Amino acid sequence: MNPNQPEENVVSDLYDNYHETQKEILAIEIRKTRNKLLALAAVAFISDFLALLVANTVQPATLLAIAVIPLVLAGLSFLSLKEPLTAIIIAAVIILAAWIYAAVITGGMAAISGWLVKAIIVYLLIAGFQSAREAHRIRKELKG
């Protein structure tokens with residue numbers, strides 16, 4: 001410690017450094033959440049596109065239909081810049097609703113098919129949720 005520097009400046013400097021570090025971590029966690037949502041969009045589109053290729057039903061109408069959820073997920077990635085926890089929760093609800101809808105339409109076959117893609121999506125949702133929760137915690141700490 002510098003004997004010429006008052007102790008209050010040291011405490012203030014430590015607090016400022018902590019505050020700046022928390023802001024940097026917040027930005028990183030928000031980026032992680034956004035990237036997970038974009039990865040979810042890519043995985044959803046690629047897996048559906050491959051399913052269309054296998055079924056030999058690639059047409060503009062079917063491409064448009066499979067692009068809806070990835071576009072919504074990409075849109076949620078922009079929301080995640082302001083509200084990461086809300087964005088990832090909405091994404092999870094949309095994906096769960098799509099899976100339930102597909103299972104009902106196919107008589108349960110969609111529930112057991114594509115388990116590897118579903119595992120990747122669940123991983124991305126969990127990782128995104130962890131980042132979003134951490135970002136929410138830090139933002140709350142910085143405000144309060």
Side-chain angles (χ1 to χ4, degrees), residues 1 5 7-144:
M1 253 198 211
Q5 186 179 21
E7 190 170 318
E8 26 193 73
N9 286 343
V10 172
V11 172
S12 176
D13 289 345
L14 287 175
Y15 177 76
D16 289 343
N17 288 340
Y18 175 77
H19 194 66
E20 290 303 314
T21 302
Q22 290 299 88
K23 283 183 178 178
E24 291 172 13
I25 293 171
L26 175 63
I28 290 168
E29 295 299 333
I30 287 173
R31 261 196 322 271
K32 284 182 182 179
T33 304
R34 183 200 63 208
N35 292 344
K36 296 293 189 276
L37 285 167
L38 291 172
L40 276 169
V43 167
F45 184 77
I46 291 169
S47 67
D48 287 348
F49 183 71
L50 289 175
L52 287 179
L53 283 176
V54 168
N56 198 21
T57 58
V58 178
Q59 298 171 358
T62 56
L63 284 176
L64 202 60
I66 67 165
V68 171
I69 289 179
L71 287 173
V72 169
L73 292 173
L76 286 172
S77 72
F78 292 110
L79 174 63
S80 73
L81 298 175
K82 293 292 180 189
E83 293 294 332
L85 193 57
T86 303
I88 202 74
I89 290 171
I90 292 170
V93 168
I94 289 171
I95 288 171
L96 184 63
W99 285 352
I100 291 171
Y101 175 75
V104 168
I105 294 298
T106 62
M109 286 302 297
I112 57 173
S113 65
W115 59 270
L116 183 59
V117 171
K118 286 183 174 93
I120 292 169
I121 289 173
V122 167
Y123 165 76
L124 288 170
L125 282 171
I126 291 171
F129 182 73
Q130 290 171 339
S131 294
R133 190 177 62 198
E134 182 66 13
H136 181 73
R137 183 193 66 76
I138 293 170
R139 183 174 282 150
K140 194 173 171 184
E141 180 181 310
L142 289 174
K143 284 183 181 178

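Fair warning: this is a prediction, and the values are worked out from it, not measured in the lab.
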Q: Are the side chains of Leu37 and Phe78 in touch, meaning some heavy atoms are under 4.5 Å apart?
A: no
Q: Applying side-chain contact (heavy atoms from CB on, under 4.5 Å), run through Gln22 and Leu26 and close with a yes or a no.
A: CA-CA 6 Å; Gln22 290 299 88; Leu26 175 63; over 6 Å; no
Q: Drop me the distance from Arg31's CZ to Leu81's CG, to the nearest 0.5 angstrom.
A: 10.5 Å
Q: With a 4.5 Å heavy-atom cut-off, do Ile66 and Thr62 have their side chains touching?
A: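 They are not in contact (no side-chain heavy atoms under 4.5 Å apart), so the answer is no.
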Q: Which pair of non-hydrogen atoms, one from Ala127 and one from Lys36, has the smallest distance, and what is that distance?
A: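 It is CB-CE, 3.4 Å.
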Q: Less than 4.5 Å apart, any side-chain heavy atom of Phe129 and any of Thr33?
A: no
Q: Identify the two heavy atoms, one from Ala98 and one from Ile69, that lie closest to each other, and give their separation to 0.1 Å.
A: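 Here Ala98 and Ile69 meet closest at CB-CD1, 3.5 Å.
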Q: Report yes if the side chains of Ile121 and Trp99 come closer than 4.5 Å at any heavy-atom pair, otherwise no.
A: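 The answer is yes; the side chains approach within 4.5 Å.
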Q: Taking atom CD1 of Ile120 and atom CH2 of Trp115, what is their separation to the nearest 0.5 Å?
A: 9.5 Å
Q: Do Val93 and Ile90 touch side chain to side chain, with heavy atoms closer than 4.5 Å?
A: no
Q: Would Phe45 and Leu73 count as a side-chain contact (heavy atoms from CB on, under 4.5 Å) here? Give the steps.
A: CA-CA 10 Å; Phe45 184 77; Leu73 292 173; over 6 Å; no
Q: For the residue pair Val68 and Leu71, establish whether any side-chain heavy-atom pair is separated by less than 4.5 Å.
A: no
Q: State the CG-CG distance between Leu85 and Leu79, to the nearest 0.5 angstrom.
A: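 One finds 10.5 Å between CG of Leu85 and CG of Leu79.
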Q: Work out which heavy atom in Glu29 is nearest to a heavy atom in Ala135; give both atom names and the distance.
A: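 Of all heavy-atom pairs spanning Glu29 and Ala135, the closest is CB-CB, 3.8 Å.
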Q: Show the nearest heavy-atom pair for residues Ser77 and Arg34, with the distance to one decimal.
A: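 Minimum heavy-atom contact is O-CG, 3.5 Å.
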Q: In Å and rounded to the nearest 0.5 Å, what is the OG1 to CD1 distance from Thr106 to Ile112?
A: 8.5 Å
Q: Roughly how far, to the nearest 0.5 Å, is CG of Leu53 from CD1 of Ile46?
A: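 Between Ile46 CD1 and Leu53 CG, I get 11.5 Å after rounding to 0.5 Å.
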Q: I'd like to know if the side chain of Lys118 reaches the main chain of Ser113, judged simply by a donor and an acceptor atom lying under 3.5 Å from each other, with no hydrogens or angles considered.
A: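 Checking the backbone N and O of Ser113 against the side chain of Lys118, a donor-acceptor pair under 3.5 Å is found.
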Q: Considering only heavy atoms from C-beta outward, does the side chain of Glu134 approach that of Ile138 to under 4.5 Å?
A: yes
Q: Kindly compute the distance separating CD1 (Ile88) from CG (Leu125), expressed to the nearest 0.5 Å.
A: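 Taking CD1 in Ile88 and CG in Leu125, the distance rounds to 5.5 Å.
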Q: Among Lys140, Arg139, Glu141, which residue satisfies the side-chain contact (heavy atoms from CB on, under 4.5 Å) criterion with Lys143?
A: Arg139
